[in-house]
Amino acid sequence: MTLRAAHVDDLDAIMALERASFPTDAWSETLMRGELASPHSRYFALEEQGRLVGYAGLRAPDGAKDADVQTIAIAEDARGRGYGRALLRALLDEAVTRRVAEVFLEVRADNPTAHALYVSEGFTELGRRPAYYQPDGVDAVVMRLDLRAWVAATTGAATGAATDPSAAAAPAPADPGRDHS
């Protein structure tokens, strides 16, 4: 597994995964290109044997006190390997670098695997947006993470020796597909 910054050069592979993962509400190529190029966003690509198997994005404008997880997508045949957690933690590490205090996201109410991952990392539910995901009419669960608490929890793991947040917590039972905001 290779985790790296995503670039506009990755657009074709990202869009193929986007369309496969979200056939009813995939983002447009124009929207994704803008996200990849934006100075307010940071996207990561995850490769396995040279093939893009996941990507994730965070939006956090300079000076903002909060950030938003825009998307996390894992190829169906690559789920259950901890890749969703790796991408989420890369986003959270980026949020730490950008000095935000809170991270928000929306997750589909019909995606318990993604919801469980977010809860396991410390996100809490704030509320719901009825019928947010269209055309499916699925509610969005709005979640929030206190980033300072997450850093304290991940760096103070059982042995007290963990300094890499991605090494601190046990893996979730499975990976999410993706829920974009």
Side-chain angles (χ1 to χ4, degrees), residues 1-48 50-76 78-79 83-111 114-115 117-118 121 123 126-145 147 175-181:
M1 167 182 85
T2 302
L3 181 62
R4 61 171 177 78
H7 305 285
V8 174
D9 294 347
D10 297 310
L11 184 62
D12 289 342
I14 287 173
M15 288 309 301
L17 183 52
E18 172 78 9
R19 291 180 189 113
S21 298
F22 314 105
T24 62
D25 64 346
W27 285 3
S28 71
E29 189 170 316
T30 301
L31 178 63
M32 188 64 76
R33 180 185 308 279
E35 283 292 305
L36 291 169
S38 174
H40 302 299
S41 297
R42 178 71 187 260
Y43 276 70
F44 293 93
L46 194 140
E47 295 177 328
E48 184 178 73
R51 179 179 79 112
L52 184 102
V53 295
Y55 62 90
L58 180 82
R59 178 165 284 264
D62 287 341
K65 297 295 182 204
D66 59 73
D68 291 296
V69 172
Q70 295 294 97
T71 184
I72 297 177
I74 306 295
E76 188 173 355
R79 294 180 189 160
Y83 293 166
R85 185 175 302 276
L87 284 165
L88 177 60
R89 287 186 175 175
L91 298 179
L92 297 178
D93 287 341
E94 179 66 19
V96 169
T97 299
R98 291 181 182 227
R99 298 182 178 184
V100 302
E102 299 176 308
V103 178
F104 295 88
L105 60 80
E106 289 95 15
V107 60
R108 288 176 65 107
D110 64 355
N111 190 343
H115 188 273
L117 171 63
Y118 302 139
E121 288 293 329
F123 281 86
L126 292 177
R128 290 184 177 240
R129 292 187 174 134
Y132 181 81
Y133 292 100
Q134 294 298 324
D136 304 327
V138 175
D139 291 357
V141 179
V142 180
M143 302 185 83
R144 173 194 165 275
L145 176 73
L147 198 56
D175 291 320
R178 182 207 88 211
D179 287 292
H180 53 69
S181 14

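Being a predicted model, the structure only gives us computed values, none of them experimental.
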Visitor: Are Lys65 and Glu102 ion-paired here, with the side-chain N under 4.0 Å from a carboxylate O?
Guide: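 So Lys65 does not pair with Glu102 through a salt bridge.
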Visitor: Is it the case that atom CD in Glu76 sees more than 12 heavy atoms from other parts of the structure closer than 6.0 Å?
Guide: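 Atom CD in Glu76 is not packed in, count stays at 12 or less.
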Visitor: Examine distances only and state if a side-chain atom of Glu18 and a backbone atom of Trp27 form a donor-acceptor pair shorter than 3.5 Å.
Guide: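 Side chain of Glu18 to backbone of Trp27, a donor-acceptor pair under 3.5 Å: yes, one is there.
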Visitor: Between the side chains of Tyr43 and Gln70, does any donor sit under 3.5 Å from an acceptor?
Guide: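 Absent: no donor and acceptor within the cut-off.
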Visitor: Any heavy-atom pair between the side chains of Leu88 and Tyr118 that's under 4.5 Å?
Guide: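 Yes, side chains in contact.
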Visitor: Let's go through Val103 and Val69 carefully: what are the C-alpha distance in whole Å and the side-chain angles of both, what is the deciding distance for side-chain contact (heavy atoms from CB on, under 4.5 Å) to 0.1 Å, and is it a yes or a no?
Guide: CA-CA 7 Å; Val103 178; Val69 172; 3.8 Å; yes
Visitor: Can you confirm whether Arg99 is buried at CZ, in the sense that more than 12 heavy atoms of other residues, nucleotides or ligands lie under 6.0 Å from that atom?
Guide: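 12 or below, so no.
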Visitor: Ignoring hydrogens, what is the shortest heavy-atom contact between Ala114 and Val107? Give both atom names and the distance.
Guide: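 Looking at all heavy atoms of both residues, the closest pair is CB-CG2, 3.7 Å.
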Visitor: Kindly give the heavy-atom pair with the smallest separation between Pro39 and Arg98, and that separation in Å.
Guide: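 Looking at all heavy atoms of both residues, the closest pair is O-NH1, 3.6 Å.
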Visitor: Do you know the tightest heavy-atom contact between Arg42 and Ala5?
Guide: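 Arg42 and Ala5 have their closest heavy atoms at NH2-CB, 3.5 Å.
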Visitor: Can you find a pair of side-chain heavy atoms, one from Val100 and one from Leu147, that are under 4.5 Å apart?
Guide: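 Contact flag for Val100/Leu147 side chains = yes.
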Visitor: Evaluate side-chain contact (heavy atoms from CB on, under 4.5 Å) for Glu48 paired with Met1, printing each intermediate quantity in order.
Guide: CA-CA 5 Å; Glu48 184 178 73; Met1 167 182 85; 5.7 Å; no
Visitor: If you define the side chain from C-beta out and look only at heavy atoms, does anything of Leu117 sit under 4.5 Å from Arg85?
Guide: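 Side chain of Leu117 against side chain of Arg85, heavy atoms only: contact under 4.5 Å found.
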Visitor: Please find the pair of heavy atoms, one from Phe44 and one from Leu91, that lie closest to each other, and give the distance.
Guide: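 Closest pair (atom of Phe44, atom of Leu91, distance): CD1-CD2, 3.7 Å.
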Visitor: How many angstroms lie between CG in Leu36 and CE in Met32, if you round to the nearest 0.5 Å?
Guide: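 Between Leu36 CG and Met32 CE, I get 6.5 Å after rounding to 0.5 Å.
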Visitor: Given Arg108 and Asp136, is the side-chain contact (heavy atoms from CB on, under 4.5 Å) satisfied, shown in steps?
Guide: CA-CA 10 Å; Arg108 288 176 65 107; Asp136 304 327; 3.2 Å; yes
Visitor: Give the C-alpha distance, both sets of side-chain angles, the deciding distance and a yes or no for side-chain contact (heavy atoms from CB on, under 4.5 Å) between Leu52 and Ile14.
Guide: CA-CA 7 Å; Leu52 184 102; Ile14 287 173; 4.0 Å; yes
Visitor: CG/Asp10 to CZ/Arg33 distance, rounded to the nearest 0.5 angstrom?
Guide: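 Asp10 CG to Arg33 CZ: 12.0 Å, rounded to 0.5 Å.
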Visitor: With rounding to the nearest 0.5 Å, note down the distance linking CZ in Phe123 to CG in Leu105.
Guide: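 Phe123 CZ to Leu105 CG: 4.5 Å, rounded to 0.5 Å.
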Visitor: Kindly compute the distance separating CE (Met143) from NE2 (His115), expressed to the nearest 0.5 Å.
Guide: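 The NE2 atom of His115 is 4.0 Å from CE of Met143, to the nearest 0.5 Å.
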Visitor: Between CG of Leu46 and CZ of Arg51, what distance do you get to the nearest 0.5 Å?
Guide: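 These two atoms lie 10.5 Å from each other.
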Visitor: If I compare all heavy atoms of Leu87 with all of Ala73, which pair ends up nearest, and what's the gap?
Guide: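 The pair with the smallest heavy-atom distance is CD1-O, 4.2 Å.
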Visitor: Could you give the distance from CZ (Arg128) to CD (Glu106), rounded to the nearest 0.5 Å?
Guide: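 Rounded to the nearest 0.5 Å, the CZ-CD separation comes out at 13.0 Å.
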Visitor: Set out, in order, the CA-CA distance, both residues' side-chain angles and the distance that settles side-chain hydrogen bond (donor to acceptor under 3.5 Å, both in side chains) for Ser41 and Glu35, then state yes or no.
Guide: CA-CA 6 Å; Ser41 297; Glu35 283 292 305; 3.2 Å; yes
Visitor: Look at the side chain of Ser21 and the backbone N and O of Leu17, then say whether any donor-acceptor pair between them is shorter than 3.5 Å.
Guide: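 Indeed, once roles are kept as given, a pair shorter than 3.5 Å links the two residues.
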Visitor: Do Tyr133 and Asp25 touch side chain to side chain, with heavy atoms closer than 4.5 Å?
Guide: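 Side chain of Tyr133 against side chain of Asp25, heavy atoms only: contact under 4.5 Å found.
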Visitor: Are the side chains of Ser28 and Met15 in contact, using a 4.5 Å heavy-atom criterion?
Guide: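 Heavy-atom side-chain distance check fails, nothing below 4.5 Å.
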Visitor: Taking all non-hydrogen atoms of both residues, which atom of Thr24 and which atom of Pro135 are closest, and how far apart?
Guide: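 Closest approach of Thr24 to Pro135, heavy atoms only: O-CD, 3.0 Å.
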Visitor: Are the side chain of Asp139 and the backbone of Ala131 linked by a donor-acceptor contact shorter than 3.5 Å?
Guide: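 Answer holds: yes.
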Visitor: Under 4.0 Å between a Lys/Arg side-chain N and an Asp/Glu carboxylate O for Asp66 and Arg144?
Guide: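 No salt bridge links Asp66 with Arg144.
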